[in-house]
Engineer: 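Please find one structure pasted underneath; my questions will follow.
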Protein chains: 2
Amino acid sequence: MSKALERREKLRSDLILAAERMIAERGLSGLKTRDLAREIGCANGAVYNLVEDIDELILRVGSRTLLRLDEALSTAEGAGEPSPRETLVRIAIAYCDFAADNLQLWRALFEHRMEADKVVPDWSVADQLQLFRHINKPLTALLPKRSPEQLGITARSLFSAVHGMVALGLEQKLVAVPLPALRKEIADLVRATIDGLIARER
Amino acid sequence: MSKALERREKLRSDLILAAERMIAERGLSGLKTRDLAREIGCANGAVYNLVEDIDELILRVGSRTLLRLDEALSTAEGAGEPSPRETLVRIAIAYCDFAADNLQLWRALFEHRMEADKVVPDWSVADQLQLFRHINKPLTALLPKRSPEQLGITARSLFSAVHGMVALGLEQKLVAVPLPALRKEIADLVRATIDGLIARER
DNA sequence: AATTTCTATTGAACAATGTTCAAGATTGCT
DNA sequence: AGCAATCTTGAACATTGTTCAATAGAAATT
């Protein structure tokens, strides 16, 4: 590989890391091209040699965040004895903890919205779909009568419900909920929901 | 009241309505001060005589949206015979329908985030808290043993869960879920969750 | 009615920011 | 070394929210 391309790749990698740090520290709206350029040591216009536009940069950072989230959920999945119900609870709690520990980066995943005419690239969509497999496995064990299609839908619903609790719970805008209380609420609601789903199955 | 103040109030009202229309048509990011000024027939700088800044304008529009949402939930609450469980389902579906029918305005409620140093004014917070009373009443009937504090927490959790399903369901980013399917998912999950909560109560 | 004083409105100017592009610097090849 | 291709630069542009000195208009006073 040529010297120029090596440098380019190095800069590109630096750029993504700098953007990640910047979002983590100052939020998605704190991401500025000039600051990025200064931080990685190049002209502000050079950012557009490394990346199509800011949207792509945000998606690249999001990809890294999703990867770390995936690891966190995998860890939660594996730990302890394998009651599928409690596994789901652990996954939900792990999601909550990850969001709390990576608040700004996690928010950036959902705050960012493409302009209407642009499409989210395939590699980014693929990243997102990966997550559901964590929920699918235990859910299949709990609801064996359901078809894969039904299970996919239920998995998405359950994820969305937990996501909503985490999103509004960490908002701190209305009433400040202490994190331990939020974790307990989530665990309770996941258990109740699963129990209800199973009871309905019979 | 003086002629000048009358005109001012009229303009102020026009401004809020124009902003509402603009957000509904082009999203929160499509709200531009110059376009607003042109639409209500005044200089761009005059917007700042009518409103502190754009944040306040967005919150004013949000206040109107919350009011209409409140009405929609009230309607859902009142209809039909009063099984508390089905009332909660109807409220959740009504929330979903309102969000779908007022997509951009509803999104604006949650997309908008204040800068760290500014505080949300009291009148805006009050608007938001009103909503929970719709959920509290039926939930109290279903879970009579719980304390008001516990009920408040559970109400918030249930609302958050439904909100998450609506938010991700209307995102259309991953998999496009048709609206009738989403409504069914929400109804199922609310019923399951309530059943689970009641079973746990015994 | 005329003049003065106070207030409201204006729109030009500013600062911040994403993005582009012609000119200059660097690299890779023979 | 010389030349062509490529990359990098940073000045310039377009868009925005916001401010403010100047102006127009309303209210008060004589």
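Both backbone and side-chain heavy atoms feed into the values below; hydrogens, waters and symmetry mates do not. Residue numbers start from 1 in every chain, and the chains themselves are labelled A, B, ... in the order their sequence lines are given, proteins ahead of strands.
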Engineer: How far does the helix from dA1(C)-dT30(D) to dT30(C)-dA1(D) bend, going by the axes of its first and last five pairs, to the nearest 10°?
Structural biologist: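 Answer for the end axes of this duplex: 10°.
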
Engineer: Ring of W123(A), cation from R60(A) - is the NZ or CZ under 6.0 Å from the centre and inside 45° of the axis?
Structural biologist: yes

Engineer: So which protein N/O to nucleotides 13-17 of chain C N/O distances come out below 3.5 Å?
Structural biologist:
{"from": "dT17(C)", "atom 1": "OP1", "to": "K32(A)", "atom 2": "NZ", "distance (Å)": "2.6"}

Engineer: Starting at CG of D55(A) and ending at C1' of dG18(C), how long is that distance when rounded to a whole Å?
Structural biologist: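 Rounding to the nearest Å, CG of D55(A) and C1' of dG18(C) are 11 Å apart.
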
Engineer: Restricting to non-hydrogen atoms, name the atom on A92(A) and the atom on I186(A) that form the minimum distance, rounded to 0.1 Å.
Structural biologist: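 Looking at all heavy atoms of both residues, the closest pair is CB-CG2, 3.8 Å.
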
Engineer: What pairs of donor and acceptor atoms, side-chain ones from residues 10-20 of chain B against any protein atom, are under 3.5 angstrom apart with sequence neighbours left out?
Structural biologist:
{"from": "K10(B)", "atom 1": "NZ", "to": "D14(B)", "atom 2": "OD1", "distance (Å)": "3.3"}
{"from": "K10(B)", "atom 1": "NZ", "to": "D14(B)", "atom 2": "OD2", "distance (Å)": "2.9"}
{"from": "R12(B)", "atom 1": "NH1", "to": "L50(B)", "atom 2": "O", "distance (Å)": "2.8"}
{"from": "E20(B)", "atom 1": "OE1", "to": "R64(B)", "atom 2": "NE", "distance (Å)": "2.8"}
{"from": "E20(B)", "atom 1": "OE2", "to": "R64(B)", "atom 2": "NH2", "distance (Å)": "3.3"}

Engineer: Could you check how far CZ of R8(B) sits from C1' of dG25(D), rounded to whole Å?
Structural biologist: 15 Å

Engineer: Expressed in angstrom and rounded to an integer, what is the separation of N49(A) atom CG from dT27(C) atom P?
Structural biologist: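 One finds 15 Å between P of dT27(C) and CG of N49(A), rounded.
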
Engineer: Between P on dG17(D) and CD on E52(B), what's the gap in Å once rounded to a whole number?
Structural biologist: 16 Å

Engineer: Atom CZ of R38(B) and atom C1' of dT16(D): how far apart are they, to the nearest Å?
Structural biologist: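 Computing the R38(B):CZ to dT16(D):C1' distance gives 13 Å.
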
Engineer: Between Q130(B) and L66(B), is there a side-chain heavy-atom distance shorter than 4.5 Å?
Structural biologist: no

Engineer: Distance check needed: dT16(D) C1' versus L28(B) CG, whole Å only.
Structural biologist: 14 Å

Engineer: Identify the heavy atoms of Q104(A) and I23(A) that sit nearest to each other, and give their distance.
Structural biologist: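 Between these two residues, the closest heavy atoms are CB-O, 3.2 Å.
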
Engineer: Please determine, for the side chain of R7(B), which listed nucleotide (dT9(C), dG11(C), dT9(D)) has the closest atom?
Structural biologist: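 Of all the options, the side chain of R7(B) is nearest to dT9(C).
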
Engineer: Tell me, do L59(B) and E52(B) make a side-chain contact under 4.5 Å, heavy atoms counted?
Structural biologist: no

Engineer: If you define the side chain from C-beta out and look only at heavy atoms, does anything of H134(A) sit under 4.5 Å from L69(A)?
Structural biologist: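 Answer no - side chains too far apart.
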
Engineer: Do I93(A) and V190(A) have side-chain heavy atoms sitting under 4.5 Å apart?
Structural biologist: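 I93(A) does not reach V190(A) side chain to side chain.
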
Engineer: Given atom CG of D53(B) and atom P of dT19(D), what is their separation to the nearest angstrom?
Structural biologist: 8 Å

Engineer: Side chains of I194(B) and L142(B): closer than 4.5 Å at any heavy-atom pair?
Structural biologist: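 Sidechains of L142(B) and I194(B): in contact.
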
Engineer: Using atom OH of Y48(A) as one end and atom C1' of dA14(D) as the other, report the distance to the nearest whole Å.
Structural biologist: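 The answer, rounded to whole Å, is 13 Å.
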
